[in-house]
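In what follows, a single structure is set out as structure tokens and then discussed.
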Amino acid sequence: MTTPKITARNVSVYYGATRAIDDVSIDVTQDEVVAFIGPSGCGKSTFLRTLNRMNDTVPSARVEGEIYLDGEDIYAPSMDVVQLRARVGMVFQKPNPFPKSIYENVAYGPRIHGLTHAKGELDDIVEGSLRRAGLWDEVKDRLTDSGTALSGGQQQRLCIARAIAVDPEVILMDEPCSALDPIATAKIEELIHELKGRYAIVIVTHNMQQAARVSQRTAFFHLGHLVEFGATSDIFTNPRAERTKDYITGRYG
Amino acid sequence: MSGLSLVILVIGLALIGWLAGRMRAAAFRRGSTRRFSSQPVHHGWFVALWTVGPPLVFLAIWALTSPALVTDAVLANPAASQLPPPGFDRASILSEARSLAQGRSYGAFHELARTLAPVYAAAQSRFDWIASGIALLLAFAGGAFTFTRVGPGFAARTQVERVVMILLLTASLIAILTTMGIVASLLWEAGRFFRIVPAWEFLFGTHWSPQVISARDPGASLGAVPLFWGTFFIGAVIAMVVAIPFGLMSAIYLTQYARASTRRWIKPTLEMLAGVPTVVYGYFAALTVAPAVRQLGVSIGIADASSESALAAGLVMGIMIIPFVSSMADDSLSAVPAAMRDGSLAMGATSSETIRKVLVPAALPGVVGGVLLAVSRAIGETMIVVMAASGVATLTANPFASTTTVTKQIVDLLTGEAEFDSAKTLAAFALGLTLFVITLLLNIVALTVVKRYREAYE
């Protein structure tokens, strides 16, 4: 087993007095896709958002426990959140391209982080990111069009391109296909396969087939607890916990 | 019969109708097990509304037409044959006669007015009796007719509902119709002005001094360009230089940085500023800011710095507009989906980068629309400039020089002694019309922009 990219130890998250996540410990390695599954409100998205400190934007949220990225405590006072989020990118449930051109959407990250020094370099990054997101051929002739004019699936791939343009180490995906039709979903899943290995990927999904198709390991959350975490094939064919079995067989959720 | 007692009488009849309708309906309900579409009270209201409605509509129309009828009757009298031909003299004799007849004055300049007064009074009272008769007849007819309709099968409830709808519609139309009336009178008076002074001389002339108007060429001293410039300079330039940055920044602070508890008191405080009477801002401009601005001008070497400078009026106007701009910008920024902000933050952008590069550009159309609305308010603003701006129209871009505005000039033209058909007085209507057209266009453009923008995020 390789050294983990992300290590979470005894993480609890509170919204005010309510505990949304209770004592969760998890490892994610560099070259795998990990899926978080569980019924609505089980805390899987909340936990995902602790991994790049997006919960900081919620005033009432409080995180206990430790989360390490390459052995560095991301909740340490010395941690620069801006740098952290550049290393741990995120794709949201609803495609949220900025109301700017396709080119500017992808160039946004490299620009704010000052990754390039020449226009040519930026062009290369934009093209490379769009290619890796499988969108280049569809948009190469209309890079100046607004990102919001694309179809839902294209918008989501644009958001993925935007995330990988800053060359992150981890990509967090929060139900990236829940707003998309089956064909667009298939494209995103294909894309996840291609991105695997280059980036550690954590995907939250409602769709158990999707978890089975894209991930190597799956974590099942229920009521803020991590019930079971193991190889995806085991979770779906041979779950250890009763609750996992009930969930994947459709007893609830 | 006086108008008031007539109205009271009609309302009394309506009350009787209400009671009668209700009692009749209650009577047929008694002992019946059927379900009725209407309660007794609906029948009561139905009768009452039909008692009071027709006479009131009649009286409203009558109030508009009866003066002309009375005058016609007076003119038909043999005593009126001595009246001068239609014109100013004739109108003034008639109006004196009317005042005498109605007991509003006791003496008259014209002998003829005294002769005509009794004729006037007789005609007036004759028509009053006719009107009262018709009104009461309508009240009786409406009440009696509807009273006969009251019965088990009659759906008074839906009828009352329809009347309520018509009442509400009338209420909303009154504001619209009044505005249209005002615009019509503005157009009419401005039209009279443009018969004296050609429109192009007024719109493009650069010399404005209504105090000295030559009878031969009134247009020469009624060129409104200095006023338009002054209005634009104070309202759209100086005031906006103050209001846009402060309004926008306060909106950004309130939407992005302020904690909920801070926002809870800052926002109402800002909105309270919008409720300060403009005359109070006027004092502040005239008594505090204007002298300070003049001193500043003198101290930086502008010898002719005026104590009625464009800068003073514009600064205070800008401050007055800040809450307005802030609240428009606040709305636009809040309308940007939170996903935009999260997306940018998740890319590792800081809050201020997110605001500058994503939120403000996304909210820009709404902000621009808000600024246009603010401009249209600023150029229509009167009290501050009346108190702080100068009456002298100068065409200058020096903010320390005295400048005047359209609204200030309208006030000046219409106060003091003036004949009501001179070019000077009529110019006020032409100015009013121009201002109205400009603010109307600004509002249309602004609301279109804001609406488009709203649609983009829905």
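In what follows, chains are A, B, ... by sequence order, proteins preceding strands, each numbered from 1. Heavy atoms only: backbone and side chains are in, while hydrogens, waters and symmetry mates are out. None of these values were measured; they are calculated from a predicted model.
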Q | Among A/Gln93, A/Arg85, A/Arg53, residue most engaged with chain B (heavy-atom pairs, under 4.5 Å) | A |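 The candidate making the most pairs under 4.5 Å is A/Arg85.
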
Verify the neighbour count for atom [atom1] of [X]: are there more than 12 heavy atoms of other residues, nucleotides or ligands below 6.0 Å?
X: B/Met249; atom1: CE; answer: yes
X: B/Tyr283; atom1: OH; answer: no
X: A/Tyr75; atom1: OH; answer: yes

Give, as side chain, backbone, both or neither, the part of [X] having an atom under 4.5 angstrom from any heavy atom of chain B.
X: A/Phe92; result: side chain
X: A/Val88; result: backbone
X: A/Pro97; result: backbone

Q | Option in B/Ala349, B/Pro361, B/Ser344 with maximal non-hydrogen atom pairs under 4.5 Å from chain A | A |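 Most pairs with chain A among the choices: B/Ser344.
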
Q. Where the side chain of A/Asn96 meets the backbone of B/Ala339, is there a donor-acceptor pair that is under 3.5 Å apart?
A.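 The answer is yes, because a donor-acceptor pair under 3.5 Å joins these two groups.
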
Q | Criterion side chain to side chain contact (heavy atoms under 4.5 Å, CB included) on B/Met347 and A/Arg162, from CA distance to verdict | A | CA-CA 8 Å; B/Met347 294 295 301; A/Arg162 185 174 74 185; 3.7 Å; yes

Q) Side chain, backbone, both or neither: which part of B/Ser351 has a non-hydrogen atom closer than 4.5 Å to chain A? A)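 For B/Ser351, there is no contact with chain A at all, as no heavy atom is under 4.5 Å.
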
Q. If you round to the nearest 0.5 Å, how far is CG of B/Asp342 from CZ of A/Arg49?
A.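 Here the interatomic distance stands at 5.5 Å.
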
(Q) On a heavy-atom basis, which atom in A/Val82 and which in B/Gly348 lie closest, and how many Å separate them? (A)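 Shortest heavy-atom separation between A/Val82 and B/Gly348 comes out as CG1-O, 2.9 Å.
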
Q: Pull out the residues in residues 105-117 of chain A that come under 4.5 Å of chain B, heavy atom to heavy atom, sorted by number.
A: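 Within residues 105-117 of chain A, the residues that come under 4.5 Å of chain B (heavy atoms only) are A/Tyr108, A/Gly109, A/Ile112, A/His113.
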
Q.
Would you say that B/Pro337 contacts A/Lys94 through its side chain, given a criterion of any heavy-atom pair below 4.5 Å between the two side chains?
A.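 Contact flag for B/Pro337/A/Lys94 side chains = no.
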
